[in-house]
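Beneath this line is the structure, given in structure tokens, with notes to follow.
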There are 2 protein chains.
Amino acid sequence: MVSINDIAKALGISASTVSRALKSHPDISLETRELVKAYAAKVNYRPNALALSLKRQRSQTIGLIIPEIVHHFFSSVISGIEELAYSKGYRLIICQSNEDEARERINLQALIDHRVDGILVSVSKHTEKYDHFEEAIRDGIPIVLFDRAADMLNTDKVLVDDYEGGLLAVNHLVSKGRKRIMHLAAPEAMSVGRQRRKGYLDGLKTHGIDFERDLIITCDSRDGVLENQESILKLAPEIDGIFAVNDNTAISVIQLLTAHGFKIPTDISVVGFGNDPIASLVSPRLTTIDQQGFTLGRQAVEVLIHRLERPSVAGSNQTRVIGVTLQVRESS
Amino acid sequence: MVSINDIAKALGISASTVSRALKSHPDISLETRELVKAYAAKVNYRPNALALSLKRQRSQTIGLIIPEIVHHFFSSVISGIEELAYSKGYRLIICQSNEDEARERINLQALIDHRVDGILVSVSKHTEKYDHFEEAIRDGIPIVLFDRAADMLNTDKVLVDDYEGGLLAVNHLVSKGRKRIMHLAAPEAMSVGRQRRKGYLDGLKTHGIDFERDLIITCDSRDGVLENQESILKLAPEIDGIFAVNDNTAISVIQLLTAHGFKIPTDISVVGFGNDPIASLVSPRLTTIDQQGFTLGRQAVEVLIHRLERPSVAGSNQTRVIGVTLQVRESS
DNA sequence: CGAGGCATTGAAAACGATTACTTTGTATAT
DNA sequence: ATATACAAAGTAATCGTTTTCAATGCCTCG
């Protein structure tokens, strides 16, 4: 790897002249400039980004902390992030928290140590204390939270309109004549799940349907469905609709019900959330709420870069909400 | 952000003393050491990884170039890579080539500019010339190719046993009494697809089945199935088995055949490749070849770090092959 | 002919850390 | 008393680049 100093020595001129010649600084004579450029090209000179970052106090690098990579929604978000970051000249350092608070803390610190210009975070499911983020924010490190945010954190956020999604799901089920709608919900602690549940509740209220506590079952995965199969099957004869907090749960419950003789959607209509690719491949094809992961990722980067490239005005945090749409298929 | 110099000034000692005190160098008196450590902790000092990288000529960072992130197999690989890299103290910079050669070249250059210690690459589908990789390898940059490699490139490789997968698929179909087996294949240019096809051909040969050129159709996606539906449907009545180069294609062809009255697996057995999560959710559930993306990712990092941490012996390139297994389900 | 201007270039500091090589002062040995 | 050893600290170079502030030499103008 050849450096500016190597070039300077080889040509018998100073490093500063080389540096200036390479960027066509007007102070440098045409002759020298050409000479330097020709030689640099010949030896395939490439500026050392590390040295530049140190000098400029700017690494043109964005850090990303994500709960898990192997997940269609999250990988879509990552793709959107990479895409826009790349086109804006930023590199992306990625860390996986594996839904673990301790790991999330280590990741955050590592990114700060690497002097990334800003950090994008989707908070781990099991994070209970937020002081690591609070401290970073206090220290002026630009942080944008996406999808999974914490209300208490005072920073930019880019979220999916989970509430609207819950509303859309219930409206749709009601429009299909469904009146007793079960909700397979995420644990209370998850902001995302809370919003979907709130949408569900408000949707019922709008249509004058009384909310029944028993119809909400905390169950947000394939395993969850298996664990709760008794209660689900006991209620099944009395209900005519299900809104599941995600597609996997929706598909699992459809399989469970089908296996026990229920007809979907004749007996029970089912709506999922996420529009995972599997939703259109299972049978019956799943009605679900589409959330644009790729767009979410792009917007998160956009917000972050906006922050990076303007003098940050205090208290000007923005929250963007990405719209969702209902995808009607065969399960409802 | 406080630096070693800031600490030195604040305590009225030299930067070198601070540096040594922080790492408990024996030259420094216990008193000074404690003093420095206490102050560093108080002001929350963190070493600047950029400066360290520059000094050490080692960034503890690995670069990754991957064709696309939103893809179950690739995202599994990324997860495996991140997992092991993280535990070995390396950070991961990720770049998406989007199956585009020009972009791949830019990504490679960017990673080199950032002085990553080594690079993991899965070659883009549309890459025709490999001189960018050859040059990097010649310059001594440690590169490990995974999954999609190019024979001509002389470097470490970690591959899926695609050949064995093709073989397993055909063996299985034959064991089910199938004799006229169609292959939905990837274009010749893709090493991965070539190996799977070779496994298919050798599998047929092993069982004394004559290979029929017409039974190989180049078609490796949902769109491909639609484009080739005429030829597929024309051949359908004469065949009794299909080996598709990936799960998506397998699922699409099952949908096509089912829609036209064929019974799967009664009339035609279908085997896919990849063991994507959808394979066990569609109906009939898809028989397929399981490829361990996560393991592949870990192994790729392992090989790379092995290279990084030993003095690289010339011509000692290794190629690791990750085993595959047959997952029998309902489609065969 | 000397002052001022301008075109070119170089020296040195800075970014943050490490480290080989002094330097300083004290204690021990001869 | 003097040479020697050693502990503890500081100086300066280095990694690769940028940039401020000279320095040099030449030309022009009065």
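Nothing here was measured: the structure is a model prediction, and the numbers come from that model. Below, chain A is the first sequence line, B the second, and so on; all start at residue 1.
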statement: Minimal heavy-atom distance between Lys157(A) and Ala149(A), with the atoms involved, is CD-CB, 3.9 Å
statement: Comparing Ala51(A) with Thr17(B), nearest DNA chain D nucleotide closer to 5' gives the residue Thr17(B)
- prompt: What's the CG-C1' distance between Asp113(B) and dG16(D), to the nearest Å?
  reply: 13 Å
- prompt: With a cut-off of under 6.0 Å to the ring centre and 45° to the axis, is Arg320(B) in cation-pi contact with Phe146(B)?
  reply: no
- prompt: Charged N to carboxylate O under 4.0 angstrom, Glu99(A) versus Arg148(A)?
  reply: yes
- prompt: Closer than 4.0 Å, any side-chain N/O of Lys23(A) to the OP1 or OP2 of dT18(D)?
  reply: yes
- prompt: Does the distance from a Lys or Arg side-chain N to an Asp or Glu carboxylate O, for Glu83(A) and Arg103(B), drop under 4.0 Å?
  reply: yes
task: With the side chain of Ile13(A) defined as its heavy atoms from C-beta on, choose the nearest nucleotide among dT18(C), dT18(D), dG10(C).
output: dG10(C)
- prompt: Just how far, in rounded Å, is C1' of dT17(D) from CZ of Arg58(A)?
  reply: 17 Å
message: Please determine whether any donor N or O and acceptor N or O are separated by less than 3.5 Å between the side chain of Ser16(B) and the base of dT11(D).
response: yes
message: Using a 4.0 Å cut-off on heavy atoms, which residues in residues 29-41 of chain A reach DNA chain C? List them by number, or say none.
response: Ser29(A), Thr32(A)
query: Is the closest basic N to carboxylate O distance between Asp156(A) and Arg307(A) below 4.0 Å?
result: yes
- line: Taken to the nearest whole Å, CG/Leu54(A) to P/dA13(C) is 17 Å
- request: Starting from the 5' end of DNA chain D, give me the residue, Ala15(A) or Val18(B), whose nearest nucleotide shows up first.
  value: Val18(B)
message: Would you say Gln57(B) places a side-chain N or O within less than 4.0 Å of OP1 or OP2 belonging to dG16(D)?
response: yes
- prompt: dG16(D) base to Arg115(B) side chain: any donor-acceptor pair below 3.5 Å?
  reply: no
query: In whole Å, what is the span from the CG atom of Asp6(A) to the C1' atom of dC15(D)?
result: 12 Å
message: Using whole Å, what does the distance between atom P of nucleotide dA9(D) and atom CG of Leu11(B) come to?
response: 12 Å
Steps toward side-chain contact (heavy atoms from CB on, under 4.5 Å) verdict (Val160(A), Asp147(A)): CA-CA 6 Å; Val160(A) 169; Asp147(A) 190 45; 3.8 Å; yes
message: So Leu52(B), base contact, sugar-phosphate only, or nothing? Heavy-atom distance under 4.0 Å.
response: sugar-phosphate
task: Measure distances between side-chain N and O atoms of Arg46(A) and base N and O atoms of dT17(D), and say whether any donor-acceptor pair falls under 3.5 Å.
output: no
- prompt: If you find the nucleotide of DNA chain C closest to Tyr45(B) and the one closest to Asp27(B), which residue's nucleotide is nearer the 5' end?
  reply: Tyr45(B)
task: Under the side-chain contact (heavy atoms from CB on, under 4.5 Å) rule, what do Val77(A) and Leu296(A) come out as? Steps first, then yes or no, please.
output: CA-CA 6 Å; Val77(A) 176; Leu296(A) 177 74; 3.9 Å; yes
- prompt: Rounded to whole angstroms, how far apart are CG on Leu50(B) and P on dC15(C)?
  reply: 14 Å
- prompt: Separation of Arg56(B) atom CZ from dT19(C) atom P, in whole Å?
  reply: 7 Å
- line: Against the side chain of Ser14(A), the closest entry in dA11(C), dT18(D), dC15(D) is dA11(C)
message: For Phe74(A) and His71(A), take the angle between the two ring planes, folded into 0 to 90°, and tell me which bin it lands in: parallel under 30, tilted 30 to 60, perpendicular over 60.
response: tilted
message: Just the rounded figure in Å: distance from P of dT17(D) to CD of Gln60(A).
response: 17 Å
message: Nearest to the Arg20(B) side chain among dC15(C), dA11(C), dA20(C), which nucleotide is it?
response: dA20(C)
- prompt: For the base of dT18(D), is there a side-chain donor-acceptor partner from Lys55(A) under 3.5 Å away?
  reply: yes
Distance test, side-chain N/O of Ser19(A) to OP1/OP2 of dT18(D), below 4.0 Å: yes
